[in-house]
Protein chains: 2
Amino acid sequence: MSKEDKREAILQATLELVAEHGFHDAPCSLIAERGGVAAGTIYRYFENKDMLINTLFLELEAKINAAVLDGYSEQAPFRERFLHLIGGLLNFFITSPLEFKYIEQFHNSPYGVAFRSDRIFGQAEDCGIYCELFKQGTAQQVIKDLPLAVLFDLAFGPISSVARSHILGFIQLDDKLITQIVEACWDSLKR
Amino acid sequence: MSKEDKREAILQATLELVAEHGFHDAPCSLIAERGGVAAGTIYRYFENKDMLINTLFLELEAKINAAVLDGYSEQAPFRERFLHLIGGLLNFFITSPLEFKYIEQFHNSPYGVAFRSDRIFGQAEDCGIYCELFKQGTAQQVIKDLPLAVLFDLAFGPISSVARSHILGFIQLDDKLITQIVEACWDSLKR
DNA sequence: CTGTAATGAATGACCGTTCATTCATAAGCC
DNA sequence: GGCTTATGAATGAACGGTCATTCATTACAG
């Protein structure tokens with residue numbers, strides 16, 4: 001196995017174990033075992049477990065951005081762009097349950113809170129695709145006049161909630177249902 | 001300290017520690033210390049830590065129901081009842097940050113998943129205030145024709161999301177903003 | 001042969017839980 | 001009331017287990 005492969009194997013093992021069992025019950029010993037490496041090898045690629053966990057989150061985030069921007073047109077009408085990006089996110093979540101579960105675990109943990117805090121209070125510029133979208137919608141007065149963070153919550157709250165319900169098997173999402181849900185999100189944001 | 005006081009002190013200490021530090025980093029040793037009892041005493045009142053955690057959740061749930069039903073009228077128009085119950089929930093959350101954080105932690109953990117699963121697949125009748133509300137709304141055709149679980153997600157997803165943002169200090173909710181948010185939720189559910 | 005990568009047993013810290021012991025109070029007796 | 005005995009709630013040191021991390025040793029590539 002090459003050097004890059006080992007790093008990837010460790011990240012993949014972490015993704016799987018954290019998604020399946022949570023941060024606790026994803027001990028380094030198991031991560032190493034599933035990754036096909038020795039426990040000590042993890043520390044050749046990552047400073048410590050915290051770094052491993054944060055690195056994996058950043059890589060997943062980049063993966064989402066790439067997936068969601070596929071087929072996206074900056075020139076399309078606002079509503080269409082909203083539906084594309086939000087629907088794309090929901091689609092990514094339900095077709096990548098491991099990634100979704102990991103991100104949820106991360107979000108709902110001291111790791112994620114510190115991370116979000118840094119982001120919100122850190123800088124104002126270049127806040128990501130979705131931030132850009134909502135800023136435009138506010139400027140064009142096509143969505144409600146609410147603080148940016150509230151717009152985020154109104155859009156992402158339901159999306160992650162239905163994704164969780166789908167992945168846990170409480171509901172069975174199909175294309176029609178996804179469309180209805182994303183449009184319901186739009187209804188709550190549109191002016 | 002009386003017997004009931006001790007039980008209460010243990011529950012309160014658990015609430016505070018789990019809310020502040022999460023389930024990990026809320027060890028029995030700390031719970032005992034903050035509750036003003038010895039570690040072993042916990043096991044006189046609760047079978048084990050799991051039972052303590054589940055019991056606390058059930059008590060918080062009852063507390064929420066009581067708070068939310070205050071001033072509620074079964075006879076009011078549907079929209080008004082929706083706004084009362086959902087707004088009441090959001091109000092409870094932001095005025096009881098410890099309780100909110102605990103419930104979030106619980107929800108996003110193996111405890112909560114097992115719990116929800118039991119509830120959803122368990123019985124159909126007596127599913128709680130909110131379930132009753134959504135069933136009525138569907139029957140009266142005042143809200144969208146979506147699976148019950150999706151309605152839950154569309155309503156509670158944004159609410160818990162904004163509550164978290166408020167409690168973490170990312171936004172500052174006031175009465176006006178709360179009204180706007182709850183009405184935005186209504187917009188996403190109304191037919 | 002030399003230097004780097006990989007190993008996995010060992011380490012120390014901390015977890016939930018137990019249980020022998022303590023001790024304030026209650027009960028029984030005169 | 002006084003004295004003795006019984007009770008069981010409370011205690012906290014101790015236990016077995018698991019964790020993240022280290023490091024002396026081994027394997028391997030150039």
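Fair warning: this is a prediction, and the values are worked out from it, not measured in the lab. Heavy atoms only: backbone and side chains are in, while hydrogens, waters and symmetry mates are out.
With salt bridges taken as basic N to acidic carboxylate O contacts below 4.0 Å, one links B:Asp187 and A:Lys144. Note on B:Lys101 versus B:Glu16: no salt bridge recorded, every NZ/NE/NH1/NH2 to OD/OE distance being 4.0 Å or above. In summary, B:Arg7 and B:Glu59 engage in a salt bridge, as defined by a charged side-chain N under 4.0 Å from a carboxylate O.
Bracketed by its first and final contacts, the part of DNA chain C lying under 4.0 Å from non-hydrogen atoms of chain A reaches from C:dA5 to C:dG8 in 5' to 3' order.
With rounding to the nearest 0.5 Å, the separation of CD in B:Gln105 from CZ in B:Phe100 is 10.5 Å.
Between A:Pro27 and B:Ile42, the residue anchored nearer the 5' end of DNA chain D, judged by the nucleotide with its closest heavy atom, is B:Ile42. Taking the nucleotide of DNA chain D with the nearest heavy atom to each of A:Lys49 and B:Ala38, the more 5' of the two is matched to B:Ala38.
The closest side-chain donor-acceptor pair between B:Gln136 and B:Arg81 falls under 3.5 angstrom.
The CG-C1' distance, from A:Asp25 to D:dA20, rounds to 15 Å in whole Å. What separates OH of B:Tyr45 from C1' of D:dT11 is a distance of 12 Å, to the nearest Å. Atom CD1 in A:Ile31 sits about 10 Å away from atom C1' in D:dA20, given to the nearest Å. Taking atom OH of A:Tyr43 as the reference point, atom P of D:dC19 lies 12 Å away to the nearest angstrom. To the nearest angstrom, P of D:dT11 lies 13 Å from CD of B:Glu33. Here the P atom of nucleotide D:dC23 and the CZ atom of A:Arg44 are 14 Å apart, to the nearest Å.
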Exercise. Go through the steps for A:Glu8 and A:Gln12 under the test side-chain hydrogen bond (donor to acceptor under 3.5 Å, both in side chains), then give the verdict.
Key: CA-CA 6 Å; A:Glu8 210 46 54; A:Gln12 180 65 27; over 6 Å; no
